Amino acid sequence: MLDAKFIRENLELVKKSLASRNDATSLDRFLAVDIERRSLLKEADALKQELNRVSKEIGKLKAEGKDLSEKSAGMKEVSQKIKDLDRQITLKDEELTNILLFIPNIPDVSVPLGKCSDDNKEVRQWGAIPKFDFTPLSHVDLGEKLGIIDFERGVKLSGARFVLYKGLGARLERALINFMLDLHTKEHGYEEMLPPFLVNRASMTGTGQLPKFEQELFWCERDDLFLIPTAEVPVTNIHRDEILTEDKLPLKYTAYTPCFRREAGSYGQDTKGLIRLHQFNKVELVKFSHPENSFDELEKLTNNAEEVLKRLELPYRVIALCTGDMGFGSAKTYDIEVWVPSQNKYREISSCSNFTDFQARRANIKFRAKDGKLKYVHTLNGSGLAIGRTVVAILENYQNANGTVRIPKALQSYMGGVETIG
RNA sequence: GGAGAGGUGGCCGAGUGGUCGAAGGCGGCUGCCUGCUAAGCAGUUGUACCCUCCAAAGGGGUACCCCGGGUUCAAAUCCCGGCCUCUCCGCCA
């Protein structure tokens with residue numbers, strides 16, 4: 001959420017921001033309501049001042065045992081008028097908030113301008129793309145042939161876009177979770193969290209999923225709870241409505257959770273395999289940063305996520321998303337894409353973003369600065385990494401001509417010493 | 001799900017109609033004092049919004065004692081509804 005006063009005072013900047021994101025939201029209504037609200041507020045405040053003044057006099061007179069009827073005459077009408085005005089102001093407030101909740105964050109100046117994913121900029125590449133002297137199989141074929149991923153039974157149990165891992169497939173998934181958590185906690189200094197997988201509306205609003213993206217969430221109607229689409233939601237909301245200690249920033253948390261996404265609107269995309277599921281596993285990285293160095297922290301967080309791929313020796317590249325392709329709340333985003341041989345291209349495996357104060361304002365997460373003032377922290381998060389897509393990358397990049405799959409060295413101890421599947 | 005208790009400032013905690021933005025304590029900050037540390041003494045210390053102003057500071061005002069209504073000239077305080085937390089019982093991995 002942007003600050004109302006900031007929009008008022010930086011109108012052109014905000015308009016440019018919206019345009020650069022291909023966001024058609026108009027600010028006209030916001031400006032009109034903002035003016036109406038302040039006008040009503042002024043009127044109501046003046047009447048309240050009058051009412052408070054008279055009420056105090058009455059209090060004094062009563063203490064002296066004097067007659068009050070003269071003073072209190074007419075005050076009932078004033079009181080009523082104030083109530084009417086307050087009601088109108090509340091309506092304006094709600095309307096303003098509703099508008100603000102739908103305005104995206106302002107992209108950082110370093111973000112490339114662009115309309116869509118074609119305009120994203122590659123930042124760096126790592127690792128050599130593997131050469132096969134046979135036609136590499138897709139992870140779908142490999143998974144089925146090796147008997148470690150059961151797509152049909154996933155559908156039987158829950159429907160399309162659900163999957164059943166079996167045997168060493170399940171083991172591989174679990175090994176990756178542990179490997180990543182260990183790396184981030186032991187070597188990168190993150191504290192491990194295991195949050196609830198169901199959260200309330202306040203949490204979803206705090207990180208920006210609500211109100212705009214309700215259609216993309218699984219919702220438990222009886223209890224008005226939502227299945228988390230990413231650990232970002234519960235982990236960022238850990239400090240909702242809190243004041244953090246400046247000296248302790250940045251706070252760095254990592255969490256494994258399953259993620260649940262309705263994938264509304266993605267019909268026909270990645271219908272087969274592990275790439276796009278309603279439920280998938282992910283290890284997430286979250287930071288609460290001082291505003292002064294949040295962009296440095298983004299670089300570090302991205303490096304932390306990349307390190308997973310380096311250890312697993314999987315080729316990847318990092319791209320900077322352009323303004324038109326960036327998520328709603330992000331001021332800057334790097335995507336990490338891993339090489340997928342069967343598709344002969346890089347596919348997203350992590351998305352690392354700096355939300356600046358966008359989420360902090362929604363979720364009310366502050367710190368007390370040295371000058372004694374309260375300021376919003378900056379929040380960041382990134383996948384470190386998506387587990388299912390890492391399985392895709394391992395199966396496909398580490399496959400042999402005979403259909404077996406080697407296990408990356410770094411992972412073998414987590415697999416109970418297994419070096420090859422199949 | 002049933003019964004009871006409770007939600008007050010950064011934290012703890014008092015306050016049952018007006019002089020309460022709110023006692024007291026802790027913590028924070030400033031000064032004094034002691035050779036250092038500790039202790040002690042004095043002072044100070046909420047947030048948001050509006051107006052003025054605009055570079056900042058300052059000044060004026062309003063709101064906020066979980067949330068939303070109501071009573072009243074006046075509500076932290078009285079009434080109604082809701083949410084949440086805790087304790088006990090039930091159920092349960």
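These numbers come from a predicted model, not from an experiment.
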(message) Using Watson-Crick or G-U wobble geometry with both distances under 3.5 Å, which nucleotide pairs with B:G21?
(response) none

(message) What's the gap between B:G35 and B:G43 when it is taken at their P atoms, as a whole Å value?
(response) 25 Å

(message) Would you measure the distance from the C1' atom in B:C66 across to the matching atom in B:U8 and give it in whole Å?
(response) 10 Å

(request) Would you mind telling me which of B:C51, B:C73, B:U62 lies closest to the side-chain atoms of A:K42? (result) B:C51

(request) Hunt down the Watson-Crick or G-U wobble partner of B:C32, both distances under 3.5 Å, from any strand shown, or write none. (result) B:G40

(request) Establish, with yes or no, whether the OP1 or OP2 oxygen of B:A74 is under 4.0 angstrom from a side-chain nitrogen or oxygen of A:K48. (result) no

(message) So if I take every side-chain heavy atom of A:L374 and compare against B:A74, B:C49, B:U47, which nucleotide ends up nearest?
(response) B:U47

(request) In whole angstrom, give me the gap between the C1' atoms of B:C64 and B:A75. (result) 13 Å

(request) For the pair A:F218 and A:F162, name the ring-plane relationship: parallel under 30°, tilted 30 to 60°, perpendicular over 60°. (result) tilted

(message) Taking only side-chain N and O atoms of A:R361, does any of them lie within less than 4.0 angstrom of OP1 or OP2 on B:A48?
(response) no

(message) For the C1' atoms, the ones on B:G18 and on B:G4, what distance do you get once it is rounded to whole angstrom?
(response) 35 Å

(request) Determine the interatomic distance between C1' on B:C20 and the same-named atom on B:C32; round to the nearest Å. (result) 33 Å

(message) Can you see if the side chain of A:K83 gets near the phosphate of B:U71 - specifically, an N or O under 4.0 Å from OP1 or OP2?
(response) yes

(message) Quick check for you: to the nearest 0.5 Å, what is the distance between A:F358 atom CZ and A:T207 atom OG1?
(response) 10.5 Å

(request) Quick one: sort the A:H188 and A:Y190 rings into parallel, tilted or perpendicular, breaks at 30° and 60°. (result) perpendicular

(message) How long is the straight-line distance from CD of A:E263 back to CZ of A:R276, given to the nearest 0.5 Å?
(response) 5.0 Å

(request) Scan A:R53 against the nucleic acid and name what it touches under 4.0 Å (heavy atoms): base, sugar-phosphate only, or nothing. (result) nothing

(request) Looking only at side-chain atoms of A:R368, point me to the closest of B:U47, B:U62, B:C50. (result) B:U47

(message) Can you tell me the base-pairing partner of B:G58? Count Watson-Crick or G-U wobble geometry only, both distances below 3.5 Å, and say none if there is no partner.
(response) B:U52

(request) With a 3.5 angstrom cut-off on both distances, give the Watson-Crick or G-U wobble partner of B:A93, or none if there isn't one. (result) none

(message) Under 4.0 Å, counting only non-hydrogen atoms across every strand here, what does A:K60 touch: a base, just sugar-phosphate, or nothing?
(response) nothing

(request) Would you name the heavy atoms of A:A393 and A:V338 that are closest together and state the gap between them? (result) CB-CG2, 3.7 Å

(message) Checking contacts here: which listed nucleotide (B:U62, B:C49, B:C51) is nearest the side-chain heavy atoms of A:Q49?
(response) B:U62

(message) For B:U72 and A:S79 - does any side-chain N or O of the residue sit under 4.0 Å from the phosphate oxygens OP1/OP2?
(response) no

(message) From the set B:C73, B:G10, B:G70, return the single nucleotide nearest to any side-chain atom of A:I243.
(response) B:G10

(message) Partner lookup for B:A63, please. Criteria are Watson-Crick or G-U wobble with both distances under 3.5 angstrom; report none if nothing qualifies.
(response) B:U47

(request) Just compare B:C49, B:A74, B:G18 and give me whichever is closest to any side-chain atom of A:K62. (result) B:G18

(message) Any strand counts, and the cut-off is 3.5 Å on both contacts for Watson-Crick or G-U wobble. Which nucleotide pairs with B:C88?
(response) B:G2

(message) Quick check for you: to the nearest 0.5 Å, what is the distance between A:N281 atom CG and A:R174 atom CZ?
(response) 12.0 Å

(request) Could you check which nucleotide pairs with B:C26 in any of the strands shown, counting Watson-Crick or G-U wobble with both distances under 3.5 Å? (result) B:G10

(request) Would you classify A:R87 as touching base, sugar-phosphate or nothing, given that sugar-phosphate means primed atoms plus P, OP1 and OP2, and contacts are heavy atoms under 4.0 Å? (result) sugar-phosphate

(message) Just N and O in the side chain of A:N52: are any of them under 4.0 Å from OP1 or OP2 of B:U62?
(response) yes

(message) So does A:F355 get a backbone contact from the side chain of A:N105, meaning a donor-acceptor N/O pair under 3.5 Å?
(response) yes

(message) Going by purine N1 to pyrimidine N3 plus the second Watson-Crick contact, or the G-U wobble pair, all under 3.5 Å, which nucleotide sits opposite B:U71?
(response) none

(message) Does a side-chain N or O of A:K76 approach OP1 or OP2 of B:U72 to a distance below 4.0 Å, or not?
(response) yes

